[in-house]
Participant: 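Here you go, one structure.
As the structure lists them, so they are numbered: ligands from 1, and atoms in each ligand from 1.
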Amino acid sequence: MELFDTIHESEHEQIVFCHNKDVGLKAIIGIHNTTLGPALGGTRMWPYASEEEALRDVLRLSRGMTYKAAVSGLNLGGGKAVIIGDPREDKSEALFRAFGRFIDSLAGRYITAEDVGIDVNDMEFIFQETENVVGVHQAHGGSGDPSPYTAHGSIQGAKAALQKVFGDEDLSHYSFAIQGAGHVGLHLVKQLRSEGAKVFITDIMEDSVAQAVELGAEAVGTDEIYDLDVDVFAPCALGAVINEETLPRLKCKIVAGPANNQLANNEAGNELEKRGILYAPDYAVNAGGLMNVSIEFEGYNRERAKRMMRTIYYNVTQIFKISDRDGITTWQAADRMAEERIQSIGKIKLPFMGHRPHRFPGRKGMDRS
Ligand code: NAD
């Protein structure tokens, strides 16, 4: 891989390789774009087969965060980090504290949070070394688990899509097929059922399905989920589930769910439109978690978080308007909306250089002595 060519292509500002051989730390921080503010995105720990695979992942994920923050109207840039290692075997206090020091050295250009393979206990170690962490435990004045907010935000996105297709967003009139009854999926089932929607659920884990059934969902097989004659298909587990194989099977009118990277490729997004299925772009729909942690900058407040989720409805509606106005697909409209915001706001200020210290009002710091 030609490193600078790759970074040039993906338009990253900075890639930081973090190594501490004494504690076995190999991590990469990707800072994609800080025009709108500090680069915020979680840290993922994964046993990558190669360093190249880890680098590609951090480049892809950090770029995605730029678009998510921009389209959501947040004053944040896009960043992400990966730690190369097996989360079941390679975790230690020293590893996370060493990583925390690297984050601290970036003086606020990058702010981390939880992602796949990282839990709240790991964040506590990082938090001992740097302020530049969000999603910390409520005991420290943080925002805690983002998944109820991600679910709530996804429902706002789905309502915007229902309004566009049917001119009505009363959930009790509609049926949903949810793929994945994990952290977000179960909250989604609960909230949809409380508003009277019909919900079908699938998961590879039987006990997760059982929990969703308890909440009033109807269980279906993992493969059957694509064939259901429902109003909304809500991917809530894996990426790339809208692909060549699944597209001809979909009978839904809308795809709106929280899973990241739902389209296998751009062609899949185009094909959804050709088939008359409205796609609410994933990164606009699932921004509730990011919005929730972003409130830590001004002092976390649950009520404010809930109110902020409503902006997802307006963002998704705006994407549909741009799609209609410019005659482009909704995934293109979302990218355009994000890029236009970065360009226009970029004209009013210099790139964020970490010179303004963040304050996290109400947050109780760790003892760093
Ligand atoms: P999770 O790991 O808690 O849940 C995922 C669920 O999907 C698990 O129960 C798993 O068993 C199930 N699953 C895996 N493969 C499946 C398959 N083939 N068919 C059906 N089910 C399958 O994850 P989560 O935090 O609930 O996140 C769900 C999705 O939402 C992910 O794509 C994640 O990236 C995205 N997301 C989550 C958040 C958040 O706040 N947690 C924020 C933004 C985006």
Participant: Show me the side-chain donor-acceptor pairs of residues 201-217 shorter than 3.5 Å, one per line, residues at least two apart or across chains.
Facilitator:
{"unit_1": "T202", "atom_1": "OG1", "unit_2": "V220", "atom_2": "O", "d": "3.0"}
{"unit_1": "T202", "atom_1": "OG1", "unit_2": "G221", "atom_2": "O", "d": "3.2"}
{"unit_1": "T202", "atom_1": "OG1", "unit_2": "T222", "atom_2": "N", "d": "3.1"}
{"unit_1": "D203", "atom_1": "OD1", "unit_2": "M205", "atom_2": "N", "d": "2.8"}
{"unit_1": "D203", "atom_1": "OD2", "unit_2": "A181", "atom_2": "N", "d": "2.6"}

Participant: Determine whether the aromatic ring centres of residues F233 and F176 are separated by less than 6.0 angstrom.
Facilitator: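 Centroid distance F176-F233: not below 6.0 Å, so no.
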Participant: Which atom pair, heavy atoms only, marks the closest approach of V23 to A94?
Facilitator: CG1-CB, 3.5 Å
Participant: Any salt bridge between R101 and D104, counting N to O under 4.0 Å?
Facilitator: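 Here R101 does not pair with D104 in a salt bridge, since their nearest N and O are not under 4.0 Å apart.
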Participant: For residues 25-35, which residue pairs pass the salt bridge (Lys or Arg N to Asp or Glu O under 4.0 Å) check, not counting sequence neighbours?
Facilitator: K26-E51
Participant: Side-chain donor-acceptor contacts of residues 77-87 below 3.5 Å, not counting sequence neighbours, with atom names and distances?
Facilitator:
{"unit_1": "K80", "atom_1": "NZ", "unit_2": "D115", "atom_2": "OD1", "d": "3.1"}
{"unit_1": "D86", "atom_1": "OD1", "unit_2": "R88", "atom_2": "N", "d": "2.9"}
{"unit_1": "D86", "atom_1": "OD1", "unit_2": "R88", "atom_2": "NE", "d": "3.4"}
{"unit_1": "D86", "atom_1": "OD2", "unit_2": "R88", "atom_2": "NH2", "d": "3.4"}

Participant: Check each protein residue for a heavy atom under 4.0 Å from ligand 1 and list those that pass, ordered by chain and number.
Facilitator: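 Contacts of ligand 1 under 4.0 Å: P146, S147, T150, Q179, G180, A181, G182, H183, V184, D203, I204, M205, C236, A237, L238, P258, A259, N260, N286.
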